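These notes concern the structure reproduced below.
Keep in mind it's a predicted model, so treat the numbers as computed, not measured. Side chains are part of it too, since the values below use all heavy atoms of this structure and drop only hydrogens, waters and symmetry mates.
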Amino acid sequence: MATSADLRLVLTLVKSITDLERIGDEAKKIGVLSARLAAVERPSTNYRELRHLASHVKQMIHGALDALARLDDRGALEVVKSDETVDEEYETIYRQGITFMMEDPRAIRRLMDLTWLARALERIGDHAKNISEYVIFAVHGKDIRHTGLENIEAALSQARES
């Protein structure tokens with residue numbers, strides 16, 4: 001007979017599969033946008049901010065999948081925490097793009113592609129965060145999706161003690 005933990009694990013895996021598929025969709029967008037950006041002149045920064053954002057998102061995906069494989073609530077929590085950094089980096093790239101568009105309207109197409117690419121990376125980070133939230137649900141039976149970070153940490157500490 002299946003236990004509640006078994007059922008939570010099945011639900012976690014099914015929901016994670018959906019997020020992984022959406023990550024694939026975003027990756028496809030990134031490929032198309034990257035090909036267009038490769039065909040135009042690069043800025044002097046050589047997309048440094050975008051590479052930094054991509055690095056963070058890559059770490060989030062790795063962390064989320066590792067936490068899923070190990071059912072590691074602590075690793076999952078680290079991924080949830082790192083989503084805030086990714087959101088801030090995306091916002092910075094977005095604002096810079098708007099500023100550069102106003103300064104040089106000829107670069108609007110390139111900057112829009114850059115902004116959409118950054119948005120796709122940010123969405124991948126959101127999906128990695130979702131997977132991590134599912135892991136926490138599988139381990140503790142607590143839905144933390146709409147809970148503040150401080151409340152999540154307190155609830156997990158309490159769950160570990162019991």
Side-chain angles (χ1 to χ4, degrees), residues 11-138 142-153:
L11 183 61
T12 294
L13 293 173
V14 169
K15 291 177 84 71
S16 294
I17 288 167
T18 302
D19 277 287
L20 288 169
E21 183 178 356
R22 298 238 163 73
I23 288 171
D25 294 341
E26 295 297 335
K28 182 179 175 183
K29 280 185 213 172
I30 290 170
V32 169
L33 292 167
S34 295
R36 281 206 312 237
L37 285 171
V40 297
E41 184 179 338
R42 291 182 180 194
S44 61
T45 62
N46 200 21
Y47 303 119
R48 179 178 35 250
E49 295 87 0
L50 194 61
R51 286 196 322 268
H52 195 256
L53 174 60
S55 175
H56 270 101
V57 170
K58 180 181 171 186
Q59 289 172 355
M60 284 182 73
I61 293 171
H62 184 270
L65 293 176
D66 188 57
L68 179 61
R70 299 171 191 269
L71 292 178
D72 175 13
D73 63 330
R74 286 184 171 95
L77 182 59
E78 290 305 311
V79 173
V80 171
K81 288 179 182 178
S82 65
D83 183 57
E84 198 170 294
T85 302
V86 168
D87 291 346
E88 289 170 3
E89 288 180 14
Y90 165 71
E91 189 67 30
T92 299
I93 291 170
Y94 179 79
R95 286 187 177 159
Q96 285 177 346
I98 298 288
T99 301
F100 293 149
M101 283 183 222
M102 292 187 316
E103 291 174 1
D104 184 8
R106 295 170 299 175
I108 288 176
R109 174 64 179 206
R110 179 179 57 82
L111 292 165
M112 285 301 297
D113 285 346
L114 181 66
T115 301
W116 285 113
L117 202 152
R119 176 68 177 151
L121 287 168
E122 190 272 337
R123 289 295 302 139
I124 289 172
D126 289 343
H127 291 299
K129 176 185 173 189
N130 291 347
I131 292 169
S132 296
E133 290 171 342
Y134 305 147
V135 168
I136 292 170
F137 173 73
K142 296 195 180 294
D143 184 2
I144 61 161
R145 289 179 294 175
H146 306 291
T147 308
L149 198 53
E150 294 167 0
N151 294 335
I152 293 169
E153 290 176 319

* Assess whether atom CZ of Arg36 is packed by more than 12 heavy atoms of other residues, nucleotides or ligands within 6.0 Å. => yes
* To do: Only counting residues at least two apart or in another chain, list the ones meeting ring pair (Phe, Tyr, Trp, His ring centres under 6.0 Å) with His62.
  => none
* Can you check whether Val40 reaches Arg109 side chain to side chain, under 4.5 Å on heavy atoms? -> no
* Going by the side chain to side chain donor-acceptor pair (under 3.5 Å) test, which pairs reach into residues 97-108, not counting sequence neighbours? -> Asp104-Arg106
* If you measure from CD1 on Ile108 to CD1 on Ile98, what distance do you get to the nearest 0.5 Å? -> 9.5 Å
* Partners of Arg110 by salt bridge (Lys or Arg N to Asp or Glu O under 4.0 Å), sequence neighbours excluded? -> none
* Pairs where residues 51-72 contributes a residue and the test salt bridge (Lys or Arg N to Asp or Glu O under 4.0 Å) is met, not counting sequence neighbours -> Asp66-Arg70
* Structure fact -> Hits for side chain to side chain contact (heavy atoms under 4.5 Å, CB included) against Glu91, two or more places apart or cross-chain, chain-then-number order -> Tyr94, Arg95
* Please name all residues satisfying salt bridge (Lys or Arg N to Asp or Glu O under 4.0 Å) with Glu78, sequence neighbours left out, ordered by chain then number. => Lys81
* So how far is it from Leu121 CG to His56 NE2, rounded to the nearest 0.5 Å? -> 12.5 Å
* Just jot down the salt bridge (Lys or Arg N to Asp or Glu O under 4.0 Å) partners of Glu122, sequence neighbours excluded, or say none. => Arg119
* Partner set under side chain to side chain contact (heavy atoms under 4.5 Å, CB included) for Gln96, not counting sequence neighbours -> Glu49, Thr92, Phe100
* By side chain to side chain contact (heavy atoms under 4.5 Å, CB included) - contacts of Leu13 (at least two apart) -> Leu9, Leu68
In residues 19-27, what donor-acceptor pairs under 3.5 Å come from side-chain atoms, sequence neighbours left out?
| from | atom 1 | to | atom 2 | distance (Å) |
| --- | --- | --- | --- | --- |
| Asp19 | OD1 | His127 | ND1 | 2.6 |
| Asp19 | OD1 | Asn130 | ND2 | 3.0 |
| Asp19 | OD2 | Tyr134 | OH | 2.9 |
| Glu26 | OE1 | Lys29 | NZ | 3.4 |
| Glu26 | OE2 | Lys29 | NZ | 3.3 |

* What pairs with Asp143 under side chain to side chain contact (heavy atoms under 4.5 Å, CB included), at least two apart in sequence or on another chain? -> Arg145
* With sequence neighbours excluded, residues passing side-chain hydrogen bond (donor to acceptor under 3.5 Å, both in side chains) with Asp83 -> none
